[in-house]
Each structure stands twice: as structure tokens, then as C-alpha cells.
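A short worksheet on the structure shown next.
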Amino acid sequence: MKELVEVVAKALVDYPDEVVVTEKTQGKDIVIELHVAASDMGKVIGKQGRIAKAIRSVVKAAASKDNRKVDVEIV
């Protein structure tokens with residue numbers, strides 16, 4: 001899941017070198033934290049959060065194969 005979020009985020013931002021993705025496992029749940037440059041925050045979130053919702057939807061769909069719950073947090 002971490003790699004999926006990283007690839008999507010790097011495709012969206014102007015500074016792909018500053019994209020940092022961390023993954024924390026809590027039982028069956030996974031928390032993925034996405035850190036981007038301050039100037040790229042709007043591009044990752046999108047208008048009314050549409051891009052962020054799309055990223056979360058894609059990750060949840062990929063995680064459903066493994067019967068895991070994944071939460072993506074944009075920091």
C-alpha cells in the first residue's frame with residue numbers, strides 16, 4: 001500500500017523528492033501517512049478534497065483484497 005500512495009503522490013506534485021510515505025501497522029489496520037512539501041499540499045488534497053478522497057478510495061480498493069482496513073492521512 002505504501003508504494004501505491006507514493007507513486008500516486010509523486011505523479012501529482014511539483015517536488016516529488018519531498019514526498020515521504022510512512023506506514024504504521026496496528027493489528028489488522030494500517031495507517032499510511034503522506035508528507036509533501038507545503039506548496040504541494042493543495043495539489044494532493046484538491047478542490048473540496050476530491051483528490052484526497054480518490055487516493056483513499058484507490059487504496060481501500062487495493063486493501064480489500066487482503067481484508068485489511070487502510071487509513072490514509074495527509075500530514
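In what follows, every heavy atom counts, from backbone to side chain, and hydrogens, waters and symmetry copies are set aside.
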Q: Step by step, work out the side-chain contact (heavy atoms from CB on, under 4.5 Å) result for Gln26 and Val31.
A: CA-CA 8 Å; Gln26 300 169 347; Val31 177; 4.0 Å; yes
Q: Give, for atom CD of Glu18 and atom NE2 of His35, the distance between the pair rounded to the nearest 0.5 Å.
A: 13.0 Å
Q. Which ILVMFWY residues are connected to Leu34, directly or by a chain of links, through side-chain heavy atoms under 4.5 Å apart?
A. Met1, Leu4, Val5, Val8, Leu12, Val13, Val19, Val21, Ile30, Ile32, Val36, Met41, Val44, Ile45, Ile51, Ile55, Val58, Val59, Val70, Val72, Ile74
Q) How would you list, by chain and number, every residue that makes a side chain to side chain donor-acceptor pair (under 3.5 Å) with Lys43, sequence neighbours excluded? A) Asp14
Q: Tell me, please, which residues at least two apart from Lys10 pass salt bridge (Lys or Arg N to Asp or Glu O under 4.0 Å).
A: Glu6
Q | Over all atoms of both residues, closest heavy-atom pair of Ser64 and Ala61 | A | OG-O, 2.7 Å
(Q) What's the separation between atom CD in Glu73 and atom CD in Glu33, rounded to the nearest 0.5 Å? (A) 5.5 Å
